[in-house]
Amino acid sequence: MMQKISEYSNEIKLLLYGIFIYLEMDVGIVKVLFYLMVMDTFLGIVKTIVLNNAFSFKKLALGFVSKLAVLLIPTALALMSKGLNYNFKWFVTIVMDLLIVSDGISIISNIIAIKTKKEVENFDAMTLILKSVRNRLIQIFKRLLITIDPRYHIEK
C-alpha cells in the first residue's frame, strides 16, 4: 500500500494543489500548517520517549491522521463558500491562522516537556477552535435564514 502511495506521490500532490487553488486557499499557509503538524508529531514522539510514556504505532498513526483531518476544516469551509457563492475566504484564513497558532503552542509545549522532562499542562486549543468555528457557522446560517424568510425568529 505504501509503495503504491509513494509511486503516485506527485499525482497526489498535484491533486491537492489543484483543490486548494480551486478553493482559492493560500497554498503557502496550507504548507506552513502541514509542516507545523509534522513538526508537532515528531516532537510528540520525542516527548513520549523522553518521558518514558507508552509508545505505539497505532497511537502515532491515529494522531497523525487526526492532525491531517484538521486540514479538512478550512477545506470544508472553502467548499461551502463555493457552493453557497458566498465569500468565506476571510473566515477560512482566520481558521487556518488559528490552527497554525494552535500547532505552534503544541510545539512549544512539547519542547518544554522534552527540556524539563516533565509533562506540561496543555489546553485543548483545537477543540476550542472547532467549537468556535461551529458556533460562527451557526450564526451565519441563522442570518441567512432571516434574509430568506424575515419571519424566522432566532431562538436563544
Side-chain angles (χ1 to χ4, degrees), residues 1-84 86-141:
M1 178 70 171
M2 290 304 289
Q3 184 180 8
K4 285 285 186 194
I5 292 173
S6 65
E7 284 180 27
Y8 295 106
S9 65
N10 287 335
E11 288 82 1
I12 293 170
K13 196 184 301 185
L14 185 63
L15 174 68
L16 290 174
Y17 279 132
I19 290 170
F20 293 136
I21 290 170
Y22 170 73
L23 295 175
E24 299 175 21
M25 294 171 67
D26 187 340
V27 176
I29 293 175
V30 174
K31 279 183 179 179
V32 167
L33 182 57
F34 178 76
Y35 294 144
L36 285 170
M37 290 176 170
V38 170
M39 278 177 44
D40 187 35
T41 301
F42 174 75
L43 288 170
I45 293 168
V46 173
K47 179 184 88 169
T48 299
I49 294 168
V50 167
L51 298 179
N52 290 323
N53 292 340
F55 177 81
S56 75
F57 283 103
K58 181 179 179 181
K59 187 175 178 182
L60 172 67
L62 287 174
F64 195 69
V65 168
S66 71
K67 282 199 169 287
L68 288 178
V70 167
L71 286 174
L72 293 177
I73 297 166
T75 305
L77 290 172
L79 273 171
M80 288 188 311
S81 175
K82 283 282 190 188
L84 297 173
Y86 190 77
N87 187 1
F88 278 174
K89 189 172 183 176
W90 59 272
F91 194 47
V92 172
T93 303
I94 289 172
V95 168
M96 289 180 58
D97 291 345
L98 290 172
L99 293 173
I100 286 171
V101 170
S102 174
D103 265 309
I105 291 169
S106 182
I107 287 169
I108 292 167
S109 297
N110 284 336
I111 291 170
I112 292 170
I114 291 167
K115 186 169 173 60
T116 62
K117 294 185 171 107
K118 293 179 185 171
E119 192 69 51
V120 175
E121 185 178 337
N122 199 3
F123 71 97
D124 188 5
M126 195 59 62
T127 301
L128 293 175
I129 292 169
L130 291 174
K131 285 181 181 178
S132 174
V133 168
R134 180 184 175 274
N135 291 338
R136 183 70 178 135
L137 286 173
I138 289 171
Q139 288 174 354
I140 290 170
F141 183 67

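Only a predicted model underlies this, so the values are computations on that prediction, with no experimental measurement involved. We use all heavy atoms of the structure for the numbers below, so side chains are in, but hydrogens, waters and symmetry mates are not.
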T116: which residues meet the side chain to side chain contact (heavy atoms under 4.5 Å, CB included) condition with it, sequence neighbours left out? I112, K118
Pairwise distance CD1(I107) to OG1(T41) - rounded to 0.5 angstrom: 9.0 Å
Review item, side-chain donor-acceptor pairs of residues 49-65, under 3.5 Å, at least two apart:
from : atom 1 : to  : atom 2 : distance (Å)
S56  : OG     : K59 : N      : 3.0

Mind listing the side-chain donor-acceptor pairs of residues 20-35 below 3.5 Å, one per line with the distance, residues two or more places apart or on another chain?
from : atom 1 : to  : atom 2 : distance (Å)
E24  : OE2    : K82 : NZ     : 3.2
D26  : OD1    : G28 : N      : 2.9
K31  : NZ     : Y17 : OH     : 3.2

Please table the atom pairs, donor to acceptor, closer than 3.5 Å between any side-chain atom in residues 88-101 and protein atoms at least two apart or in another chain.
from : atom 1 : to  : atom 2 : distance (Å)
W90  : NE1    : N87 : O      : 3.1
T93  : OG1    : K89 : O      : 2.9

Only counting residues at least two apart or in another chain, list the ones meeting side-chain hydrogen bond (donor to acceptor under 3.5 Å, both in side chains) with R134. none
To the nearest 0.5 Å, what is the distance between CD1 (I105) and CG (N110)? 12.0 Å
Just do the side-chain contact (heavy atoms from CB on, under 4.5 Å) check on K47 and V120 with the steps written out, would you? CA-CA 10 Å; K47 179 184 88 169; V120 175; over 6 Å; no
Among pairs that include at least one residue of residues 32-44, which meet salt bridge (charged side-chain N to carboxylate O under 4.0 Å, His left out), considering only residues two or more places apart or in two chains? D40-K67
For the backbone of L77 and the side chain of S81, can you confirm whether one donor and one acceptor N or O come within less than 3.5 Å of each other? no
Kindly say whether L128 contributes a backbone atom to a donor-acceptor pair with the side chain of S132 at under 3.5 angstrom? no
